[in-house]
Amino acid sequence: MLRLSFFVFLTLIASGVHAEEDPFADLKKGQPKAVGALAERIAMCTHFAGEEPYDAERRKEIAEAMNTYRCGKIERDEAVLRKRYKANPGVLGALQRAHEW
């Protein structure tokens, strides 16, 4: 019985860790916090910009996501960080990859 309890405990821990994984972890790895946050926003805005608003509910979901990720300000925010990190190819590459995510 103790073995079974231990196995269940390990399974629960493993599933909890998996559920909390950041899908953008590779994109943000080694980047300044502001760059990682912007890269995630770029990826999400790119995703939602390509979504089809096939009904009123979906149109609302897309609009809310675009607002949440401040997609209307992405170009300005990216220009600021590209200028700040213009000599850092790692940052510039991460921002470019975010558009392709």
Any chance you could measure [X], atom [atom1], to [Y], atom [atom2], to the nearest 0.5 Å?
X	Y	atom1	atom2	answer
I42	R97	CD1	CZ	11.5 Å
D22	E40	CG	CD	5.5 Å
H47	Y69	NE2	OH	9.0 Å

Crowding at CD, E100 (>12 non-hydrogen neighbours, <6.0 Å):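 Yes, CD of E100 has more than 12 neighbouring heavy atoms, counting only those of other groups under 6.0 Å.
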What heavy-atom pair brings [X] and [Y] nearest, and what distance separates the two atoms?
X	Y	value
A94	A39	O-CB, 4.4 Å
A98	T46	O-OG1, 4.4 Å
A65	C71	O-SG, 4.5 Å
I62	F48	CG2-O, 3.7 Å

Residue pair F24, M44: steps toward the side-chain contact (heavy atoms from CB on, under 4.5 Å) verdict: CA-CA 10 Å; F24 303 103; M44 294 305 294; 3.4 Å; yes
Results of side chain to side chain contact (heavy atoms under 4.5 Å, CB included) for D77 - residues two or more places apart only: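 Expected list: L38, R41, K73.
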Pairs flagged by salt bridge (Lys or Arg N to Asp or Glu O under 4.0 Å) wherever residues 80-90 is involved - sequence neighbours left out: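 For residues 80-90, and leaving out neighbouring residues, the salt bridge (Lys or Arg N to Asp or Glu O under 4.0 Å) pairs sorted by first residue read E78-R82.
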Pairs where residues 43-55 contributes a residue and the test salt bridge (Lys or Arg N to Asp or Glu O under 4.0 Å) is met, not counting sequence neighbours: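 Matches after skipping sequence neighbours: E51-R58.
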Worked verdict on V35 versus L95 for side-chain contact (heavy atoms from CB on, under 4.5 Å): CA-CA 8 Å; V35 174; L95 293 174; 4.2 Å; yes
